2 protein chains.
Amino acid sequence: MGIPEYIRISDDLKSQIMSQVLNPGDPVQSENQLREHYGVSRMTVRKALTRLVNEEYIHAVAGKGYFVCEPGLEKCELIYDETFSLSGSPDSIDLIDLDVIKPTQMVGIKLEIPKEQPVIMIRRVFKEGGEAIACDVKYIPYHRGIPLLEKELKNSTFPEMVARKNSIFAITKKLRIFAAGAEEDTARLLNAEEGTPLLAVEEFLYDNHDKPVGWGITYMLGERNNLYAEASFK
Amino acid sequence: MGIPEYIRISDDLKSQIMSQVLNPGDPVQSENQLREHYGVSRMTVRKALTRLVNEEYIHAVAGKGYFVCEPGLEKCELIYDETFSLSGSPDSIDLIDLDVIKPTQMVGIKLEIPKEQPVIMIRRVFKEGGEAIACDVKYIPYHRGIPLLEKELKNSTFPEMVARKNSIFAITKKLRIFAAGAEEDTARLLNAEEGTPLLAVEEFLYDNHDKPVGWGITYMLGERNNLYAEASFK
DNA sequence: TAGTGGTCTAGACCACTGT
DNA sequence: CAGTGGTCTAGACCACTAG
């Protein structure tokens with residue numbers, strides 16, 4: 001038999017949950033009962049149960065037992081990457097602005113920095129077939145000695161821009177997604193009318209001490225660009 | 001010491017990855033090397049490594065070893081629930097339409113059903129402080145014997161509406177997020193002008209055989225409603 | 001062939017929960 | 001108290017990889 005015991009056991013329990021033999025809140029048989037029932041060692045039972053815990057079908061309470069989770073189908077996995085979440089990858093990315101500036105009040109607040117601290121501002125336009133389909137603006141606190149490499153910045157995702165002295169593993173990302181009408185300058189960049197519906201993604205990056213290390217917004221032409229997400233059960 | 005060995009070991013390796021002692025693609029010490037290095041049993045080492053595999057810091061290749069992952073910071077966790085992703089929970093939900101109808105061509109295609117198969121249509125408006133902030137429409141294939149309970153449907157999330165004979169664990173959800181200008185009927189429901197930017201979430205539900213069991217769209221007034229997501233490293 | 005990860009066993013001790 | 005899950009040990013055999 002190619003299929004490991006612990007997979008068979010956890011699949012068995014999973015199907016009991018799927019078919020409502022076991023319902024949210026119900027206790028699962030104890031490790032000892034399962035060990036006897038399937039005739040395997042305790043570690044094998046634990047491996048099966050650990051798998052279900054990781055996939056959030058059940059949860060363990062020390063001293064009491066395992067219980068079926070209240071399902072949270074509201075949790076989804078969203079793949080977001082400003083250069084490739086666009087409808088088809090963009091043919092070209094134009095770097096229209098790259099500067100070290102004093103932060104505006106808004107930028108200072110978002111990055112939690114004093115107003116003397118210079119920041120790098122990057123503005124890009126994403127095009128497909130010659131037409132602008134999205135634009136973005138990013139702000140990164142500037143520290144002396146960090147080179148500004150146009151070519152690198154142009155095609156990087158925001159985390160890649162920031163992750164220079166720290167590993168990209170150390171960076172946390174938070175997104176706010178909303179819809180907005182194009183304002184004057186954005187409309188001009190996207191060659192659209194003012195008020196055109198845009199999908200906007202505000203992006204915050206933090207280092208491993210929760211200090212902001214990047215802030216920006218990407219605007220995508222509404223009807224041409226989509227984000228996709230799916231519920232993360234397996 | 002309250003902290004388990006396997007946590008100490010995996011945290012140790014994690015910090016080596018964070019501080020770029022280990023970089024994406026690099027091999028991690030083998031289980032045997034780690035066992036000797038930390039003076040623990042192989043199972044303890046494996047538990048530490050399994051933890052890092054689950055959190056996608058490293059991955060295992062049978063017969064070769066463990067390697068540091070190429071980080072995928074584009075993966076985010078999005079919490080979406082049409083009744084509560086709105087800015088502050090809505091005070092009231094109005095059920096403005098509940099009917100069993102023949103599917104339009106669009107609905108038939110989305111639900112992959114023949115045009116004789118009746119569907120339930122549900123339309124709601126979400127209000128806050130008396131003002132409409134969002135509206136939705138859902139379609140569910142109708143099967144005889146399923147009661148239509150107005151009160152239940154009104155305050156349910158889409159998966160809850162569908163999960164009657166199947167466990168909610170058996171349902172898969174896929175989302176498409178985009179921006180759109182309000183069309184005539186939507187604008188009227190939301191008491192807004194035509195063309196007002198809306199955040200739209202198209203929702204597909206599938207059963208455990210990947211058969212569509214629900215389709216719908218929620219429109220939210222753009223500037224007042226946000227979706228939040230964050231990168232899922234721990 | 002030696003080394004790797006993948007699976008599995010049969011014990012052990014602990015802290016915590018219920019009665 | 002007996003039962004639960006949480007941690008840990010010291011073995012074992014397997015399939016796979018590489019020199």
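Quantities reported herein were computed from a predicted structural model and do not represent experimental measurements. So that the names make sense, note that chain A is the first sequence line, chain B the second, and so on, each numbered from 1.
- Ring geometry, B:Trp215 versus B:Phe204: the interplanar angle falls from 30° to 60°, so the pair is classed tilted.
- Every residue two or more places apart in sequence or in another chain was checked for a side-chain hydrogen bond (donor to acceptor under 3.5 Å, both in side chains) with B:Thr172, and none qualifies.
- Separating the NE2 atom of B:His59 from the P atom of C:dT4 is a distance of 17 Å, rounded to the nearest angstrom.
- Within the structure, the salt bridge (charged side-chain N to carboxylate O under 4.0 Å, His left out) test picks out the following pairs touching residues 25-34 of chain B (sequence neighbours left out): B:Glu31-B:Arg42, B:Glu31-B:Arg46.
- Comment: A:Asp94 does not engage A:Arg124 in a salt bridge, judged by the lack of any side-chain N to carboxylate O separation of less than 4.0 angstrom.
- By the side-chain hydrogen bond (donor to acceptor under 3.5 Å, both in side chains) test, B:Asp207 pairs with no residue at all, sequence neighbours left out.
- Atom CG in A:Leu34 sits roughly 14 Å away from atom C1' in D:dG3 (whole-Å rounding).
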In the 5'-to-3' direction, what one-character label does each nucleotide of nucleotides 5-11 of chain C receive under the scheme B = base within less than 4.0 Å of a protein heavy atom, S = sugar-phosphate only, - = no such atom? BBBBBB-
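- Remark: B:Asp11 engages B:Arg51 in a side-chain hydrogen bond (donor to acceptor under 3.5 Å, both in side chains) (not counting sequence neighbours).
- Remark: B:Glu203 does not engage B:Arg176 in a salt bridge, criterion side-chain N to carboxylate O under 4.0 Å.
- Base pairing in DNA chain C yields stems of at least 3 consecutive Watson-Crick or G-U pairs, both distances under 3.5 Å, namely C:1-16 with D:3-18.
- In this structure, A:Glu5 does not pair ionically with A:Lys47, as no charged nitrogen and carboxylate oxygen lie closer than 4.0 Å.
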